[in-house]
Amino acid sequence: MSASHSNLPAAKARILCVEDDADIARMLTDVLEESGFEPSFVSSATEMDAALNRDDIDLVVLDVMLPGEDGLSICRRLRATSQIPIIMVTARGEEIDRILGLEIGADDYVSKPFNSRELVARIRALLRRAESAPGLSRFRARPLTFAGWRIDAAARELHDPDGIRIALTSVEFDLLLAFCRNPGRVLSRDQLIELIHGGSSGPIERSIDVHISRIRQKIEVDPRDPAVIKTVRLGGYVFIPAVEQA
């Protein structure tokens, strides 16, 4: 695995890697440090909980196969209380692991063995989406409303018609925001990837479908018969409600 030495982040983001393989942990330490990040490593769920309580962590790289509580259980538990970006790592490379990880709230995944440049690219992409974009114009930064819902790009919050905050992963939030900024427009998967990466390519691929399914579970009256985000056969998806500035 070769590390990327260019395009370093302006500030060192803190990356917590939950990995019980000491050799992989040492390799990732070198890769992430050389790429301009501040990595730390733990080998179990108990150590991860302590690190998250102790440190200001920006992103978690989470192995699926761990002693004690496994990565899928950890991901589900984290997502119930936090919107921190999560990248799942699986050694088995089975599609069911990746899909299940996304369904329970992971933002992205990589399969072992993986190229370190790819992992760094995915980390950077998630960090870009997780932070509020200071370059947005005043018009674009204002909250938007649709069908009684309110989405705030600056605060990165979604509230339902009763004012209750709805938890979304980083990718889910950016997908929903992209739809709200393009109501009535049929968007292909490639266009959605382009929109949520701010013009930069990203490795989300067909997991777009999984993320949209998760969004539907949270905002649709009947996710099996969606009325907000509709599927367009051979076209992609279209956001149906009218969108207004709050």
Side-chain angles (χ1 to χ4, degrees), residues 1-75 77-79 82-95 97-98 100-102 104-131 169-171 174 193 196-198 200-205 207:
M1 300 182 186
S2 58
S4 171
H5 299 273
S6 59
N7 300 320
L8 300 184
K12 286 190 175 184
R14 294 186 175 184
I15 312 299
L16 178 63
C17 297
V18 188
E19 170 62 65
D20 66 322
D21 186 310
D23 291 333
I24 293 178
R26 282 192 292 268
M27 179 277 297
L28 284 176
T29 297
D30 293 339
V31 166
L32 294 177
E33 286 181 346
E34 290 171 2
S35 298
F37 299 109
E38 184 178 331
S40 57
F41 287 85
V42 295
S43 60
S44 69
T46 300
E47 293 177 359
M48 180 203 71
D49 290 339
L52 289 173
N53 288 330
R54 180 181 64 247
D55 302 322
D56 184 14
I57 300 298
D58 297 298
L59 182 145
V60 174
V61 177
L62 179 60
D63 192 19
V64 170
M65 300 298 291
L66 292 168
E69 186 179 8
D70 65 32
L72 294 175
S73 174
I74 292 172
C75 180
R77 179 164 59 82
L78 278 180
R79 189 53 72 223
S82 171
Q83 296 187 56
I84 189 170
I86 301 171
I87 296 180
M88 299 289 295
V89 179
T90 174
R92 287 176 287 185
E94 296 178 358
E95 187 69 15
D97 289 335
R98 296 193 292 268
L100 182 56
L102 292 170
I104 62 177
D107 294 286
D108 204 352
Y109 61 82
V110 293
S111 298
K112 296 178 184 176
F114 54 83
N115 183 283
S116 62
R117 293 173 65 90
E118 178 186 8
L119 177 62
V120 168
R122 291 176 185 241
I123 289 173
R124 286 184 175 139
L126 276 179
L127 290 173
R128 282 196 301 269
R129 295 200 301 273
E131 64 186 11
T169 68
S170 176
V171 175
D174 289 312
I193 291 172
I196 68 175
H197 280 276
S200 301
S201 60
I204 296 189
E205 304 164 347
S207 63

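No hydrogens, no waters, no symmetry mates; every other heavy atom, side chains included, goes into these values.
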Do [X] and [Y] touch side chain to side chain, with heavy atoms closer than 4.5 Å?
X      : Y      : value
Asp63  : Val18  : no
Leu52  : Ile84  : yes
Leu127 : Arg124 : no
Ser207 : Val171 : no
Glu38  : Asp58  : no
Val61  : Ile15  : yes
Pro39  : Leu28  : no
Tyr109 : Thr90  : no

How far apart are the closest heavy atoms of [X] and [Y], and which atoms are they?
X      : Y      : answer
Ala106 : Met88  : CB-CG, 3.2 Å
Leu62  : Gly71  : CD2-O, 3.3 Å
Ala25  : Phe41  : O-CZ, 3.6 Å
Asp21  : Glu19  : N-OE2, 2.9 Å
Leu126 : Ser170 : O-OG, 4.0 Å
Met65  : Asp20  : O-OD1, 3.6 Å

Do Glu47 and Ser43 have side-chain N/O donor and acceptor atoms under 3.5 Å apart?
yes
Output the distance between atom [atom1] ([X]) and atom [atom2] ([Y]), rounded to the nearest 0.5 Å.
X      : Y      : atom1 : atom2 : answer
Leu78  : Thr169 : CG    : OG1   : 13.0 Å
Thr29  : Glu34  : OG1   : CD    : 10.5 Å
Leu119 : Arg122 : CG    : CZ    : 8.5 Å
Leu32  : Cys17  : CG    : SG    : 5.0 Å
Ile87  : Leu59  : CD1   : CG    : 5.0 Å

Would you please test Asp70 and Val64 for side-chain contact (heavy atoms from CB on, under 4.5 Å) and show each step?
CA-CA 6 Å; Asp70 65 32; Val64 170; 5.6 Å; no
Electrostatic pair Asp107-Arg79, nearest N-O below 4.0 angstrom:
yes
Counting only N and O atoms by type, is there a donor-acceptor contact under 3.5 Å from the side chain of Asp55 to the main-chain atoms of Ile57?
no
Sequence neighbours excluded, the answer for side chain to side chain contact (heavy atoms under 4.5 Å, CB included) partners of Glu69 is Ala45, Ser73, Ile74, Arg77
One pair to check against side-chain contact (heavy atoms from CB on, under 4.5 Å): Phe37 and Val120. What are the steps and the verdict?
CA-CA 9 Å; Phe37 299 109; Val120 168; 4.0 Å; yes
